[in-house]
Amino acid sequence: MVRALRRNPSFIFGLVLIVGLIAFAVIGRVFAGWNDAFPLSAPPSMPPDGEWIFGTDADGRDLFAVIVYGTLLTLKIGVIAGCLGLGIGTTLAFIAAYHGGWLDAVMRVAVDVLLTIPTLLVLVVIASVIHRSVNTTTIGIIIALLAWREPARQIRSQVLVMREAQYVKLAILNGASAVRIIFLEMMPNLLPFLGANLVVAISQAVLASIGLEALGLGSPSEPTLGQTIYWMMNESAFMLGLWWWIIEPIAILIILFVGLFLLTAGLDEIANPRLRRAEA
Amino acid sequence: MGLKVRDLNVTYRIAGGAIRAVDSVSFDVAQGERLGLVGESGSGKTTTALALMQMLREPGRCDGGTAVIDGTDLLAISPAAMREQRLRAISYIPQGAMNSLNPVHTVERQMRSVMLDHGVASPRAELQRRCVTALAGVGLGAEVLRRYPHELSGGMRQRVCVAIGMLLGPKVIIADEPTSALDVISQRVVMETLGREQQRSNAALVLIGHDIGLMAQFVHRLAVMYAGRLVEIGSIPEVLTRPRHPYTRALIASIPRLRDRGRLGGIQGVTPSLRQLPPGCAFHPRCASRFERCLHDKPLLDDDPGGHHAACHLRDAA
Amino acid sequence: MHIAWIAARRLLMFIAVVWVASSLNFFVPRLAPGNPIENKMMAQVEYGGSSVDVQSLVKAYNAKFGLDKPLLSQYLAYMHDILHFDLGYSITDYPTRVTTIILHALPWTIGLLFSTTLLAFFLGTLLGALSVWRGAPRIFAGSVPLLMVMSAVPFYLFGLILIYIFATVLQWLPLGGGMGIRDDPSLSLGFALEILRHSILPAASILLASIGIWTLSMRGMMVTVQGEDYMTYAEALGLTGRRRFVQYGLRNAILPQITLLALSLGYVLSGSILVELVFGYPGIGQQLFRAIQNQDYFVIYGIVLALICALAIAMLLADLINPLLDPRIRHGGRIA
């Protein structure tokens, strides 16, 4: 498997970027207090220098702390939404694909219809009514309500294919229970595929969350990366020439997205040949 | 006239060395003559055909030899010049025309494209007339022109390919297993069509396949390939009744006959991997008649005045 | 006929999507804690100088959707309105109708979205095809990794970067808006140029960030198509490189690519909305943002529904292009 990884530069680069980002945030926590990421913890609009290596924003937040905690918060939303979404989607996919018949048909149509509706728009509708009581955890959960669709679709088709595989039919003939077949026979072959889907789900959840935050529907107090950009846009960072406030959150987000993208590409490469072999 | 191939070599450069997919293959096909090229999968038949069309892909390369039609060496001309020669001088009828036709164009459009790209400057009506004539030659009506490939049966598609192959009156036709994907009835129709058209235009035909029975009914001369080498070549009656190479003998012997009952024969052993060819004669590990010399001396096609050549050391021993 | 069957299925899908979306708009605010719509209207009544006007809105609203009415009749009244294209009135801008707001903003959004998406699709597809075509210059293949990475970045982040570079630092292009602050709309060339000037950066954000999507997918299709038998046969027939590339390669590879376009429209739309936001571009995205800031719920729901419908229509149309391009889908039968 190590050999396969070496032939997979996307995966390596992606992993390096993401792990690097997480490491930066985790280590950064040691040097930055949580309170420093909130307004009036530092003199406002200071360029990067000495005590504030990332500078401060117009509300007096220490941008180093903001970036560190913002990264963690944004990732937290992504992970919550991604994992929940994948979990729900996988469960539904297995139920539908394994059961077959009318249940499967209903689910297929439902997912197709729901997938036609863009995530951001639904989030806007939901978030606009509960805006007051929103925090990063609830944002994660709301996004999960939409994140399950794509994994459900993908995993369902995979399971349908696998159901016809020889080793599964053999297991059924041997009298294995459905649970046993699902967890012992199918899942191990699905793992790389699930991995790829998880990364994609996280990536899309982060994208959805910063979109929501840019519209002003994010958690109003927590300094996620998306919120930081929202404040930056609406408090004339461009006019005031506060370039560090502009560049830093964008740069971190770009690293995050590119890293997740490369990771997905890498995982896809791993997932596909494996599944083909699993069929033989 | 006709096709003269001399010392054709095709090498595949892969990690760990080079593979000789086609090794010093030489043969002639006269105008109006039909040559059958038989061999197992991987023996180099299709590779030979691709080499003649300058259609080898990396890591395969034509490493030497000449293939002359009408004074032009197909292997020496530029890719642009080769493009012009394709279909005009030498035409290729593919195996399994199932997917060989463009799925999104009608038959007429594809036939017209072929003529236009080869500089046939006639008006549209004239081109259409030629298409109809070509289709009639293979027993298909004019309504086929308006059809898309998926609307035709396998046999019909193959006949369309034959029609396209004859459109510009080529000197040489290479038919690469044109019937292996068809049912027996369609096979017969296609082979009859091919034969008729070839005779009418007096083209030289190279029929590639692995069905000796089919060859016996159709070709004038037969060439046998094994592990990239040409091991025997001669007229059909000669090769079938007096095969000189042990491989050919074994092939013929393994053809099931209607009258004899009993177990199906085969050839013991397996075809060698081209990466690890046995030294000397490639067939010697499976040959019942091998002797000392066969293990290290690569046999070459001999010089038989009767036109029946074999690459085997037995001729000297006999 | 086969096409009729396909069209019927897609139409049903369209209806289902519109129904789900409007139901979403109906139920979500009613499921939320408190009574956000009522609260907003009350707040608006207290706030506005034109309180009289808003009160008539409240009265009209209560007549149809009052809490005393059973849920079912509210739902039916709501659906009735939707089917008559009545999206209600803006709470903060009463008596402006929601449909009016949308229609004013629509041309800007369509202009931006339509042209950049088509351009990105066209360029990206061509680039992707050329990047794997054997006869093409190697530079095409080299541009792919960069485009791929760029496609990972959300449109509006790209927009922010472009604003910073071109508007703030270099000051070549305006910071935002659809036209100059002092400009009066007119049919003059000068005005048209102003609009163009203001569209460059927003369009570039969308273009640069989405081109990679098409490039990447077309690459995959093209590689598959190049391996097909008909490509080999086309070469054996001595067809020109150009014909093989365009009529055999592109023509076949583009079929799934167009399906991908239909599926990606939602993503592109969401991205464009945020781009408009960043640039203060006077399109639907900007209106949505305003509505969110003002908690103008009817406008929010109206815009969301309108966008979903537009999207569903676009997907329907794109789906119907498929049979047009692929004779195999068109027919489905064959003569022996």
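These figures come from a predicted structure and were not determined experimentally.
Of all residues in residues 86-95 of chain B, those placing a non-hydrogen atom less than 4.5 angstrom from a non-hydrogen atom of chain C are B/Arg86, B/Leu87, B/Tyr92, B/Pro94. Scanning residues 225-246 of chain C against chain B with a 4.5 Å non-hydrogen threshold yields C/Asp229, C/Tyr230, C/Thr232, C/Tyr233, C/Glu235, C/Ala236, C/Leu237, C/Gly238, C/Leu239, C/Thr240, C/Arg243, sorted by number.
In this structure, the side chains of C/Asn252 and B/Val104 come closer than 4.5 Å at one or more pairs of heavy atoms.
The choice from B/Pro149, B/Ala80, B/Gly165, B/Cys161 that makes the most heavy-atom pairs within less than 4.5 Å of chain C is B/Cys161.
Contact detail for B/Pro103 and C/Pro327: the closest heavy-atom pair is O-CG, 3.4 Å.
Within a 6.0 Å sphere centred on CZ of B/Arg196, other residues, nucleotides and ligands contribute more than 12 heavy atoms.
For chain B, the nearby part of C/Leu255 is the side chain; its heavy atoms alone come within less than 4.5 Å.
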